[in-house]
2 protein chains.
Amino acid sequence: MKKRISIRDLAAQLDVSVTTISFILNGRAEEKRISAQLVERVLKHVKEVGYRPNSLARSLRTGKSHIICLMVEDIANPFFANIARLIEERAYKSGYKIMYCSTDNSLVKTREMIHMFRERHVDGFIIAPPEGVDEEINALINDGRPVILFDRTLPQVSTDHVMIDNAASTYLAVKHLVAEGFKNIAFITLDSLQSQMQGRLEGYERALREHNLNFHIKEVAFTLDEENTIRHIAAFLQRKKEVDAILFGTNYLAIRGLKAINQLKGQIAPKLGIVAFDDHDLFELNSPSITAIAQPIEEMADKVITLLLNKLNSLNKKKPNQSVLMNTKLVIRESSKGAGPELTVVSRASS
Amino acid sequence: MKKRISIRDLAAQLDVSVTTISFILNGRAEEKRISAQLVERVLKHVKEVGYRPNSLARSLRTGKSHIICLMVEDIANPFFANIARLIEERAYKSGYKIMYCSTDNSLVKTREMIHMFRERHVDGFIIAPPEGVDEEINALINDGRPVILFDRTLPQVSTDHVMIDNAASTYLAVKHLVAEGFKNIAFITLDSLQSQMQGRLEGYERALREHNLNFHIKEVAFTLDEENTIRHIAAFLQRKKEVDAILFGTNYLAIRGLKAINQLKGQIAPKLGIVAFDDHDLFELNSPSITAIAQPIEEMADKVITLLLNKLNSLNKKKPNQSVLMNTKLVIRESSKGAGPELTVVSRASS
DNA sequence: CTGAAAGCGCTAACAG
DNA sequence: CTGTTAGCGCTTTCAG
């Protein structure tokens, strides 16, 4: 209804030029040697009429928006939701707003999103990228828009990264299961070539090889819905009766796997060792409580936003890219307790 | 690096006026009787050079943005994360993008957010509002920006709503617990005056009153962190030894409550009846599995986005406001099984 | 069918 | 210190 007030109206009402007002509003009064009393008069009036500059116009003019785009695989996934929350909080404190969106790991959707955010002059990007968007992301970087990648890398893209040591995480988890006496450790993962999943697979295989144990790998199609994932996992477990422990590659695979195991009660080994990737609020309550590889979510969020703000504040100076590799923590609970520890002790600690 | 191409460049390259290109790009070629062959030439070239109109400029000019703002209490809360996900998906299919943000139930933050989104010409709002933003939201509505409220109402605001029947939900949950033989049913809730929490409280009280049972209400401060919430709940349960069942007012209270109960093993009644508000992925896996009041998330997301799109498509026609009240579903699992059903059967079914 | 031109609201170079 | 003015890139009216 009511027409928004513009800087022009303000100028007319105050009998001052728009330039002056613009300078005052942008904190350049001193620099431009505008009298303190005028500054005060303007500020007072601005407050009275509740004027707020149109940020769209400002953005169009300056190319800046104070908005950061956060693209994750699925905002309903607790890992991403929590990290998004923390990033939003920290960004907000530094005067930035966050626009987030889910990529669904879809190349097409991600491309479209990148385009649309770029058009809207988003200042920087934090992305957990699907495979294949290397080109678009490079275009972004060449365009001078800072990009931080997290959770996974992209082969062709060179920029700041925040990652966990996936291979070391699964490696140590498997060692733990072996130490607990498990012999036939399965790895239930996704059929994904993404770097983080490949890393997890690598750690699993390396640990098994070191102990001369057999691989039991089940790759679930990424596109499968919950119900079908459960069915596939259940079928796998029924077929592989020898499996005595499972390492799950992602948080939702673990949950779906637990449901599958639940349905199979009595049909499979009663005391299956279990380790999940990503911790979960309810894992400690489960019986048995579930051992999990916990990602350092707070530190990751912190690092990601710090790196981005740094880049944002030193746009022209080409700094070398930083690649941050973080350690996970194996939270040991009841689900990975085995018959008893083996005697084999291996001293190699990291990947 | 590379300068973005503008409609002006296009016009020069094609030796056609910007107007013509603009019309063609906006699908008004026919209406403006532009020759099919010219249309084709332009479209072909646009595709070749990969031109994409600057949506910021377009937005500044038209006042539209094809962006919807979704404000929830906390995007890391599974209920909100899941509904956000569904809304995003459906909006996306209709050509709208979603910007979401968490309000933290903070009045100040919410106000600021509303201002900033309004400035950026967001087309419509979907809000789960904190108390006290009535004024800002009314300003939005008066400004012609469609607003849909969900999860809770605001006393002073009249617009479309999507809500569940909170009172009926807790009422039926309590009846169920009573039928299972529980006598001292506690309600652990927030110290919040928000409509949805008040509704839940009301249903609880009504059911107890009908059965002449004692109230056992614990209001946890909204601002408490996880650890302290657990401590408060534990203290409450230790003090009230007579409590034999608990109804939790929100999903995270239920989780924190379960953790408290877990810590108190042995110190309190071994077989506490439990019902949670909001279902959760892992509730069916818990032992005992947890009975929950499940909100119809998909239907809610559907309804919310449908209502908003309707409003968006008929901006001037003032339609009467729609208030949608949805039913929840009590998913009965092991945690609410009591000693045995009582003989009392009450026939009133809804609130 | 097409072109010129007027803004949307703001910033900032330039000229007093 | 302050005002004029030229755009940012697009849509749209109005006049060919």
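Throughout, a chain's letter reflects where its sequence line sits, starting with A, and its residues are numbered from 1.
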Is there a side-chain contact between [X] and the phosphate of [N], meaning an N or O under 4.0 Å from OP1 or OP2?
| X | N | value |
| --- | --- | --- |
| A/Arg8 | C/dG9 | no |
| B/Ser17 | C/dG3 | yes |
| A/Arg28 | C/dA12 | yes |
| B/Thr20 | C/dG3 | yes |
| A/Asn26 | C/dT11 | yes |
| A/Tyr51 | C/dG9 | no |
| B/Ser22 | D/dT11 | yes |

Subject >> Option from A/Lys319, A/Gln322, A/Lys303 for which side chain to side chain contact (heavy atoms under 4.5 Å, CB included) with A/Asp160 holds >> reply: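 Result: among A/Lys319, A/Gln322, A/Lys303, A/Gln322 is the only option passing the side chain to side chain contact (heavy atoms under 4.5 Å, CB included) with A/Asp160.
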Return the value, rounded to whole Å, for the distance between atom [atom1] of [X] and atom [atom2] of [N].
| X | N | atom1 | atom2 | result |
| --- | --- | --- | --- | --- |
| B/Ile7 | C/dA4 | CD1 | P | 14 Å |
| A/Glu31 | D/dT2 | CD | P | 15 Å |
| A/Ile34 | C/dA12 | CD1 | P | 13 Å |
| B/Lys32 | D/dT12 | NZ | C1' | 8 Å |
| A/Asn54 | C/dC8 | CG | P | 11 Å |
| B/His66 | D/dT11 | NE2 | P | 12 Å |
| A/Leu25 | C/dT11 | CG | C1' | 12 Å |
| A/Asp15 | D/dT2 | CG | P | 11 Å |

Checking all strands, does [X] fall into the base, sugar-phosphate, or nothing category for heavy-atom contacts under 4.0 angstrom?
| X | value |
| --- | --- |
| B/Ser35 | sugar-phosphate |
| B/Leu38 | sugar-phosphate |
| B/Val16 | sugar-phosphate |
| B/Arg61 | base |

**OP:** Nearest-nucleotide wise, let me know which of B/Thr19 and B/Ala57 is further upstream toward the 5' end of DNA chain C.
**Re:**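 It is B/Thr19 whose nearest nucleotide is closer to the 5' end.
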Subject >> Most 5' of B/Phe23 and B/Leu60 on DNA chain C, judged by nearest nucleotide >> reply: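 Here B/Phe23 is the residue nearer the 5' end.
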Original post:
Got a salt bridge between A/Arg28 and A/Glu31, using NZ or NE/NH1/NH2 to carboxylate O under 4.0 Å?
Top reply: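 A salt bridge is present here (some side-chain N lies under 4.0 Å from a carboxylate O).
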**OP:** May I ask you to say whether A/Lys109 pairs ionically with B/Glu89, meaning some side-chain N is under 4.0 Å from a carboxylate O?
**Re:**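 Here A/Lys109 does not pair with B/Glu89 in a salt bridge, since their nearest N and O are not under 4.0 Å apart.
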Subject >> 4.5 Å side-chain heavy-atom contact, B/Met99 and B/Leu70 >> reply: no
**OP:** Take B/Val122 and B/Arg145 through the test side chain to side chain contact (heavy atoms under 4.5 Å, CB included) and record every step on the way to the result.
**Re:** CA-CA 8 Å; B/Val122 162; B/Arg145 309 255 157 217; over 6 Å; no
Subject >> Candidate pair B/Tyr96 and B/Leu308, rule side chain to side chain contact (heavy atoms under 4.5 Å, CB included), full reasoning >> reply: CA-CA 11 Å; B/Tyr96 282 90; B/Leu308 186 57; over 6 Å; no
